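Values below: all heavy atoms of this structure, side chains included; hydrogens, waters and symmetry mates excluded. Values in this document were obtained by computation on a predicted structure and should not be read as measured data. Quick note: residue numbers are just sequence positions, from 1.
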Amino acid sequence: QVQFVESGGGLVQPGGSLRLSCAVSDFAVDYYATAWFRQVPGKEREAVSCISSSDGSTRYAGSVKGRFTISRDRAKNTLYLHMNSLKPEDTAVYYCAANIERVRCPEDWAARRHEFRYWGQGTQVTVSP
């Protein structure tokens with residue numbers, strides 16, 4: 001069965017770094033658009049970053065651009081999110097997901113959460129002094 005399993009979350013001080021991993025089974029990460037979302041309890045899930053399977057192009061939310069980097073390892077069939085210069089406001093549960101309807105991340109990908117049909121269970125990232 002298709003599964004997305006996130007890992008790498010934890011507690012980090014402001015300014016620190018973390019690398020999140022998303023191990024995928026029965027699904028090739030290089031076949032479809034894949035993304036990272038995050039959610040704080042009581043708030044809507046927020047789009048963080050998306051990577052296209054066609055050309056590897058990426059998109060980022062304005063709040064993380066320049067600090068986060070999305071990437072993939074085809075050999076390991078794993079998606080990554082490298083997070084640098086972390087801020088307290090980055091605290092959230094991070095989820096990886098796939099949009100099987102697209103190979104490229106559309107310009108308005110952040111507003112198309114409903115198109116992402118496969119989701120991981122999430123990994124907690126806490127940024128605190």
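- Between the side chain of Glu6 and the main chain of Leu20, no donor-acceptor pair closer than 3.5 Å is present.
- Considering every non-hydrogen atom in both Ser128 and Leu11, the closest pair reads CB-CD1, 4.1 Å.
- A continuous path of Ile, Leu, Val, Met, Phe, Trp and Tyr side chains, each step under 4.5 Å between heavy atoms, connects Leu18 with Tyr94, placing both in one hydrophobic cluster.
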Run Phe68 and Ser49 through side chain to side chain contact (heavy atoms under 4.5 Å, CB included) and show every step you take. CA-CA 8 Å; Phe68 291 11; Ser49 183; 5.9 Å; no
Worked verdict on Arg104 versus Asp55 for side chain to side chain contact (heavy atoms under 4.5 Å, CB included): CA-CA 8 Å; Arg104 297 183 64 186; Asp55 57 6; 4.2 Å; yes
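- Geometric assessment of Arg45 against the ring of Tyr95 yields a positive cation-pi assignment under the 6.0 Å and 45° thresholds.
- Scanning both residues, Ile70 and Tyr60, for their nearest heavy atoms gives N-OH, 2.9 Å.
- Within the 3.5 Å criterion, the main-chain N or O of Ser52 finds no donor-acceptor partner in the side chain of Ser57.
- Taking CG of Asn77 as the start and OG of Ser25 as the end, the distance is 8.5 Å to the nearest 0.5 Å.
- The distance from the CZ atom of Arg38 to the CD atom of Glu46 is 4.5 Å, given to the nearest 0.5 Å.
- The CE atom of Met83 sits 11.0 Å away from the OG1 atom of Thr69 when rounded to the nearest 0.5 Å.
- Taking the six-membered ring for Trp and thresholds of 30 and 60 degrees, Phe37 and Trp119 have ring planes inclined between 30 and 60 degrees apart.
- Considering OG of Ser53 and CG of Asn99, their distance stands at 9.5 Å, rounded to 0.5 Å.
- In this structure a side-chain-to-backbone donor-acceptor pair under 3.5 Å is missing from Arg59 to Trp109.
- Rounding to the nearest 0.5 angstrom, the gap separating the OG atom in Ser71 from the CZ atom in Arg19 is 8.0 Å.
- At a threshold of 4.5 Å between side-chain heavy atoms, the hydrophobic network of Ile, Leu, Val, Met, Phe, Trp and Tyr places Val64 and Val125 in one connected group.
- Shown are Tyr118, Phe27, Phe4; of these, the ring-ring contact (aromatic ring centres under 6.0 Å, His included) with Tyr32 is made only by Phe27.
- Remark: the backbone N or O of Ala33 is not paired with any side-chain donor or acceptor of Arg102 at under 3.5 angstrom.
- For the residue pair Ser21/Thr78, the side-chain donor-acceptor check at 3.5 Å is not satisfied.
- Tyr31 and Val24 fall within the same hydrophobic cluster, where Ile, Leu, Val, Met, Phe, Trp and Tyr residues are linked whenever their side-chain heavy atoms come under 4.5 Å apart, directly or through other members.
- Residues Arg117 and Glu101 come closest through the heavy atom pair NH2-OE2, 3.3 Å.
- The shortest non-hydrogen separation linking Thr34 to Leu79 is CG2-CD2, 3.2 Å.
- Side-chain N or O atoms of Thr91 include one that pairs as donor or acceptor with a backbone N or O of Val127 at under 3.5 Å.
- Atom CD of Glu44 has 12 or fewer heavy atoms from other residues, nucleotides or ligands within 6.0 Å.
- At least one donor-acceptor pair closer than 3.5 Å links the side chain of Asp73 to the backbone N or O of Lys76.
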